[in-house]
Amino acid sequence: FLSAYIVLKTTKDRFHVSVLMLAGLSFAYIGLDDMTMFHERLGFVVNNALGLGGYNGESFNWLMYYAPCIAFALAIYYLLYTFFRRTHRLSGGLFLSGTILWIGALVVEYGGGQLITQSVVNVPFYHLLIILEEAFELCGATLITMAFLKYTHYLTVRYVRFIANQKHL
């Protein structure tokens, strides 16, 4: 949200500000969802309502229900990446790397869901997939956070220079 404020103050680029605000809201939702495991629980409830069943209170097909949200998020992330890449290449690289890791986490989680629903389950391998998925998610979040911190630092320096130039006029 700080990045959006600085962009608004320095350039008045409403589209850029809107994308940054949507990103802030999506990250707030992702944090709450990860803490409460809402996506797994929602999938379980929808599965039961549709008669699809579930596995021990969790849903591994929640990706199907969230596909429109994931597509929207990827569109926002693409716009963010283009903003970052254009103005601060390091932020662009960090953001792209973090997004790739998050996508990898979704792929691994999908694979784990397919594995756990089989009649014979390789439990140690499934546990390895859980660890891998969480590692991808945490490393991705760290890289995305670093991208925003670097970008906000860049915008802050630019804003301070903007203010200093205004005073000299």
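Below, each value reflects all heavy atoms present in this structure, side chains not excepted, and no hydrogens, waters or symmetry copies.
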Exercise for the section: Indicate, with yes or no, if the rings of Y29 and F72 have centres closer together than 6.0 Å. Expected result: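 So the answer is no for these two rings.
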Any link between [X] and [Y] through a network of hydrophobic side chains (Ile, Leu, Val, Met, Phe, Trp, Tyr) touching at under 4.5 Å?
| X | Y | value |
| --- | --- | --- |
| L115 | I130 | yes |
| F84 | F15 | yes |
| V157 | L155 | no |
| V123 | L128 | yes |
| L32 | L25 | no |

Exercise for the section: Take L96 and Y78 through the side-chain contact (heavy atoms from CB on, under 4.5 Å) test and state the conclusion after the steps. Expected result: CA-CA 9 Å; L96 180 62; Y78 175 75; over 6 Å; no
Minimum heavy-atom distance between [X] and [Y], given as atom pair plus value:
| X | Y | value |
| --- | --- | --- |
| A23 | S26 | O-OG, 2.9 Å |
| L80 | F95 | CD1-CZ, 3.7 Å |
| K150 | S91 | CB-OG, 3.4 Å |
| V108 | L129 | CG1-O, 3.3 Å |

Roughly how far apart are [X] [atom1] and [Y] [atom2], rounded to 0.5 Å?
| X | Y | atom1 | atom2 | answer |
| --- | --- | --- | --- | --- |
| L79 | L74 | CG | CG | 11.0 Å |
| L143 | F148 | CG | CZ | 13.0 Å |
| H153 | H88 | NE2 | NE2 | 8.5 Å |
| D34 | E137 | CG | CD | 4.0 Å |
| I131 | H127 | CD1 | NE2 | 8.5 Å |

Problem - Working for side-chain contact (heavy atoms from CB on, under 4.5 Å), residues Y66 and D33 - result: CA-CA 12 Å; Y66 270 70; D33 180 78; 3.9 Å; yes
Practice task
Just do the side-chain contact (heavy atoms from CB on, under 4.5 Å) check on W102 and I30 with the steps written out, would you?
Solution key: CA-CA 11 Å; W102 270 7; I30 288 169; 3.8 Å; yes
Handout entry: side-chain contact (heavy atoms from CB on, under 4.5 Å) against R85, all qualifying residues, sequence neighbours excluded
Key =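 Scan of R85 (side-chain contact (heavy atoms from CB on, under 4.5 Å), adjacent residues dropped) gives Y81, T82, R89.
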Problem - Chi angles and distances behind the side-chain contact (heavy atoms from CB on, under 4.5 Å) call for I144, L94 - result: CA-CA 6 Å; I144 288 171; L94 290 169; over 6 Å; no
Pairwise side-chain contact, [X] with [Y], heavy-atom cut-off 4.5 Å (strictly under):
| X | Y | value |
| --- | --- | --- |
| L101 | T142 | no |
| V107 | E133 | no |
| L149 | Y154 | no |

Exercise for the section: Let me see the working for F83 and Y151 under ring pair (Phe, Tyr, Trp, His ring centres under 6.0 Å), right down to the final yes or no. Expected result: CA-CA 10 Å; F83 291 147; Y151 188 63; 8.1 Å; no
